[in-house]
Amino acid sequence: MDTSKQYINGEWVLALSGETREIINPFNQEVIALVAEGNEEDAKMAVAAARNVFDQGDWSATSATERGNIVRDIAALIERDKEELAELESLDTGKTVEESRGDMDDIAGVFRYYAESADKDGGEIIDSPVPHTISKVVKEPVGVCGQITPWNYPLLQASWKLAPALVAGNTLIMKPSEITPLTTIKVFELMEEAGVPKGVVNLVLGAGATVGEELAINEDVDLISFTGGIETGKRIMRSASSNVKKLALELGGKNPNVIFADANFETAVDQALNAVFFHAGQICSAGTRIIVEESIHDAFVEELVERVRKIRLGSGFDKNTQMGPLISKIHLEKVMAYVNNGVKEGAKVAVGGTRPDEPALQNGFFYLPTVLTGCTTEMNVVQHEGFGPVITIETFRNEEEAIRLANDSIYGLAGGVWTKDIAKAERCVANMRMGTVWINDFNVYFPHAPWGGFKQSGIGRELGKLGLEEYQETKHVYHNINPEPINWF
Ligand SMILES: NC(=O)c1ccc[n+]([C@@H]2O[C@H](COP(=O)([O-])OP(=O)(O)OC[C@H]3O[C@@H](n4cnc5c(N)ncnc54)[C@H](O)[C@@H]3O)[C@@H](O)[C@H]2O)c1
Ligand SMILES: C[N+](C)(C)CC=O
């Protein structure tokens, strides 16, 4: 794989400026690749290619079945190269190879799901109120799509955008996170191998402020789909107003995990760990905000802390490792400051709260899994997304208070509720203002169900039927089969 090039109009090309960027392994800070560093000019070139190919109309005129077949072939190639992709993802992000393998299965599943969906919706005939007319609704591609992805699930988040955009007949320009572009580069090679026509998919590498901003503002882009942080999302929203682009935003979360005293205790503790410490808490839907019923607080914290102490940190390539490093030095410093500020606000460190002291981990961006107790809803550490391996614990006394606390957030991405009382669970779910709510589980997602946020966690949905509709325009066609003069004037 040649990482030094971008993919524009069906050609692998160096950045116009000739510049490159070093990609760093977060486990040991070694340089693992040099990649092209594109800028606004590369982005403009890619947009022009995507615009030209879309306007020629050959791709959008292919049948949905044909596009579905190509997307199915991409899934098969991802499965063929699963191990290589998983190792690349772990090298780039620090997550365990086991987690990356799971991501690759999910990614192939997303391409397969959309391949199967491609030709299942041929539109709709409307019962027209006017005699001798035919009224129908058809779906068409939106056009040229700009797609911007984050570093935490690089290829997974890319797949949620690439697969539906392709089956809907759009052309696109993708900009992966500048920190973690490797698996996305590889998948562009696979899309070329699968026979995606020239200019339909374009890859520009580089910084958000240059390439990303150009995609958001460029008036030849019809839709921008962004996954990332809330402040970047707001900025993109402003830039996208240049030509009133369609907008899909998948932003952050500060996700409540509500645990009632009647929950299965062992399972709730165990899953509370999974909800946060996968990928060192760098998950948009991480259940970092535990809200536990007061009567079981002490027992819950005791058990949680004991389990947290046993989490094994290390290289994602070591089979014994359960949690890898954070993505970068800058991010590590942010997480440290986030915890330190929480402590200044009055939170107590029950475990963690610092970097590990093992010599073998000193070159990596490691932070110990951390539990903060004595937290209350108005604290910054409870309200802000730390995006690290940090749990805050609050307590509640009754159902009403649990729901009020869970909803006390600008975010509304996801949440969980643990109880054996089915009616109580359903009442909570009905009142929790989040795009996904899990009952007696956490962090489960699959291609068939929509994903996205209420409130400031975003706009629109990815995955499922809605994830395809983001990439479609809806057209009403009204056909008068017996036109006659009206003689009004
Ligand atoms: N809701 C979801 O499904 C979901 C999934 C994954 C991650 N996230 C969120 O992503 C965030 C972490 O990712 P991150 O740190 O990479 O986010 P980020 O906002 O810093 O960057 C995301 C992407 O936006 C680009 N970007 C930065 N500035 C830009 C600009 N001015 N214009 C256009 N593009 C720009 C970056 O280069 C990167 O490709 C967290 O907040 C997390 O919750 C959300
Ligand atoms: C959407 N998800 C859960 C796959 C990754 C969020 O960061």
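When a ligand or atom number is given, it counts from 1 through the structure's own listing order. We use all heavy atoms of the structure for the numbers below, so side chains are in, but hydrogens, waters and symmetry mates are not.
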Quiz prompt | T377 and Q383: side chain donor to acceptor below 3.5 Å | solution = yes
Exercise. If the plane angle is over 60° it's perpendicular, under 30° parallel, otherwise tilted; pick one for W12 and Y7.
Key: tilted
Exercise. Please determine which of D222, N218, D220 meets the side chain to side chain donor-acceptor pair (under 3.5 Å) test together with R51.
Key: D222
Quiz item: Can you list, by chain and residue number, every protein residue with a non-hydrogen atom closer than 4.0 Å to ligand 1?
Solution: I148, T149, P150, W151, N152, Q157, K175, P176, S177, E178, G208, G212, E213, F226, T227, G228, G229, T232, R235, I236, E250, L251, G252, C284, E385, F387, L413, W451
Exercise. In plain terms, say whether K175 and E178 are close enough for a salt bridge, that is, a side-chain N and a carboxylate O under 4.0 Å apart.
Key: yes
Self-check item: Any side-chain donor near an acceptor of the partner, E98 and T96, under 3.5 Å
Solution: no
Quiz item: Do you see a donor-acceptor pair shorter than 3.5 Å between the side chains of Q157 and T149?
Solution: no
N/O pairs closer than 3.5 Å, ligand 2 and protein:
unit_1	atom_1	unit_2	atom_2	d
ligand 2	7 (O)	N152	ND2	2.7
ligand 2	7 (O)	C284	N	2.7

Quiz item: Any ion pair linking E231 and K234 (charged N to carboxylate O, less than 4.0 Å)?
Solution: yes
Self-check item: S225 side chain to K161 side chain, donor-acceptor N/O pair below 3.5 angstrom
Solution: yes
Exercise. May I ask you to decide whether E470 forms a salt bridge with R461, counting only side-chain N to carboxylate O separations under 4.0 Å?
Key: no
